[in-house]
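Throughout, protein chains are lettered first and strands after them, A, B, ... in sequence-line order, and every chain is numbered starting at 1. The structure presented is a predicted model; accordingly, all values stated were derived computationally and were not measured.
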Protein chains: 2
Amino acid sequence: MTNYIEPLAQESTPSIIADKLRKAIGHGELKPGMQLGEADLARKLGVSRGPLREGMQRLTQEGLLIAIRNRGLFVVDMTPDDVRDMYLAREAIERAAARKILAGDHAPAGDALLTVVAQMAKATGPAEVSEADIAFHERLVELAASPRLSRMHQTVITETRMCIHALEETYSASEVRVEEHRALAEAIKSGDPTLVDQLLTAHMDDAIARLTTR
Amino acid sequence: MTNYIEPLAQESTPSIIADKLRKAIGHGELKPGMQLGEADLARKLGVSRGPLREGMQRLTQEGLLIAIRNRGLFVVDMTPDDVRDMYLAREAIERAAARKILAGDHAPAGDALLTVVAQMAKATGPAEVSEADIAFHERLVELAASPRLSRMHQTVITETRMCIHALEETYSASEVRVEEHRALAEAIKSGDPTLVDQLLTAHMDDAIARLTTR
DNA sequence: GGGGTTAGCATTGTCGACAATCTACCCATT
DNA sequence: AATGGGTAGATTGTCGACAATGCTAACCCC
């Protein structure tokens with residue numbers, strides 16, 4: 001039963017803009033290194049430059065945009081070192097999320113992740129495969145119910161998308177790594193912290209190798 | 001030999017403003033729950049409302065300010081759950097930082113931390129003790145040379161300061177926990193990952209207990 | 001006394017204008 | 001050919017003004 005009568009959740013314009021830009025960056029519409037011209041972008045988004053600048057300050061704070069005074073804002077251009085650092089951060093976040101899940105009701109969490117794995121198995125084509133992989137990790141962090149881990153994760157996931165997009169002709173994401181994710185979900189379900197850690201770490205190491213080999 | 005001839009690093013006004021506000025929040029000048037009035041604050045900072053709003057969007061993104069549309073921006077008010085979440089995030093970051101250090105030249109890093117511990121031993125009074133403790137953890141993450149961990153850490157350290165300030169009459173920071181930090185620095189110097197993890201985790205658990213018992 | 005309505009004021013959100021800065025191009029000089 | 005100076009145009013940074021919104025106090029009615 002859909003509730004139509006409920007408190008309005010009014011999102012601020014800069015927040016909406018930041019979300020749109022974050023998606024555009026993650027999906028390659030705004031390319032790494034690209035300068036975001038305020039006048040052009042504001043016209044396209046149908047807002048004035050003020051709120052656009054505000055939205056872009058949010059992305060600057062999270063590192064997706066680089067602000068250079070008097071010269072403008074640029075989409076971050078991820079070097080191989082950046083990729084490694086990003087995965088280091090991602091590993092920190094996801095391991096902490098897993099640990100929190102394991103400290104609580106890990107069995108239902110494992111089930112929820114197994115549901116995501118079942119969806120993964122249906123993914124076809126590079127874009128769907130990448131997104132399915134990301135969806136698993138997003139769900140993992142979401143299940144930890146930690147606002148701070150979730151917020152930090154949002155940024156690194158956008159960066160992950162950027163990397164995949166930048167390499168979409170060389171990045172071999174055509175193989176769904178369902179079994180790897182299933183093993184992780186099962187380890188979480190059964191509450192085995194050591195195995196979870198090992199699986200997550202190996203997963204990240206593998207991703208780093210694939211994204212930095214060019 | 002000091003280099004005077006070097007590229008100017010011109011920091012943007014919103015960035016300067018965000019830094020100032022971050023410090024004011026961490027040191028209790030801007031109290032938890034407090035509304036930040038734009039006109040008043042802009043006048044005090046000597047800028048117009050535009051750049052102030054931009055700076056505040058940065059802090060909103062990192063969670064130090066809560067933006068409610070049409071009602072204004074408020075300094076985050078940390079509940080006990082927030083404190084636990086903040087330490088969860090901090091533990092994730094610092095453990096990852098330690099792990100990275102241990103994967104590299106951990107002996108000089110241990111020495112650098114022991115230098116900080118020596119400074120800690122000289123701290124007197126609650127404010128100095130808290131700051132000395134924080135300085136150790138900041139240095140730890142800095143030594144990992146990870147831009148992302150450092151950026152994320154900045155936020156949780158500000159939140160840590162907020163908590164300490166909010167509780168400064170009940171928070172017993174009069175005892176310098178030098179030995180605890182020294183043990184951690186020694187473990188890093190010697191390259192013992194299991195011990196480092198244990199010490200860091202225990203350190204965080206202790207801090208949580210102290211900050212959430214009211 | 002309590003509840004509802006309305007007006008006024010304070011504050012926030014956005015806009016367009018103007019100043020400041022940077023970049024690219026052209027011309028003159030060596 | 002290389003270097004330096006000047007200029008125009010594009011873009012960024014900031015400002016003040018105006019519109020929109022929310023809060024509070026006053027007033028009226030039951």
Thr79(B) backbone acceptor or donor facing Asp82(B) side chain under 3.5 Å: yes

Residue pairs meeting ring pair (Phe, Tyr, Trp, His ring centres under 6.0 Å), one or both in residues 107-152 of chain B, sequence neighbours left out, come to Phe136(B)-His181(B), His137(B)-His181(B), His137(B)-His203(B)

Report yes if the side chains of Leu140(B) and Ile101(B) come closer than 4.5 Å at any heavy-atom pair, otherwise no. yes

Taking only residues at least two apart or on different chains, which pairs with a member in residues 42-54 of chain B satisfy side-chain hydrogen bond (donor to acceptor under 3.5 Å, both in side chains)? Arg53(A)-Glu54(B), Glu54(A)-Arg53(B), Gln57(A)-Glu54(B), Glu38(B)-Arg49(B), Glu38(B)-Arg53(B), Asp40(B)-Arg43(B), Asp40(B)-Lys44(B)

Can you sort out which residues in residues 34-53 of chain B have a heavy atom within less than 4.0 Å of DNA chain C? Ascending by number, please. Gln35(B), Leu36(B), Gly37(B), Glu38(B), Arg49(B), Arg53(B)

If we ignore angles and hydrogens, is there a donor and acceptor under 3.5 Å between the side chains of Arg84(B) and Ser146(A)? no

Residue pairs fulfilling salt bridge (charged side-chain N to carboxylate O under 4.0 Å, His left out) with at least one residue in residues 99-125 of chain B, sequence neighbours excluded: Asp111(B)-Lys189(B)

Nucleotide range of DNA chain C contacted by chain A, 5' to 3', under 4.0 Å to a heavy atom? dT14(C) to dT23(C)

For Glu62(A), is there any backbone N or O sitting under 3.5 Å from a side-chain donor or acceptor partner on Arg151(B)? yes

Does the Gln35(A) side chain pair with the main chain of Arg71(A), one donor and one acceptor, at a distance under 3.5 Å? yes

Below 3.5 Å is the cut-off: list the nitrogen or oxygen pairs between protein and nucleotides 20-24 of chain D, distance only.
unit_1  : atom_1 : unit_2   : atom_2 : d
dT21(D) : O3'    : Asn70(B) : ND2    : 3.2
dC23(D) : OP1    : Arg71(B) : NE     : 2.9

Check Glu131(B) with Arg161(B), please: is the shortest side-chain N to carboxylate O separation under 4.0 Å? yes

Please check this pair: side chain of His153(A) against backbone of Leu149(A), looking for a donor-acceptor N/O pair closer than 3.5 Å. no

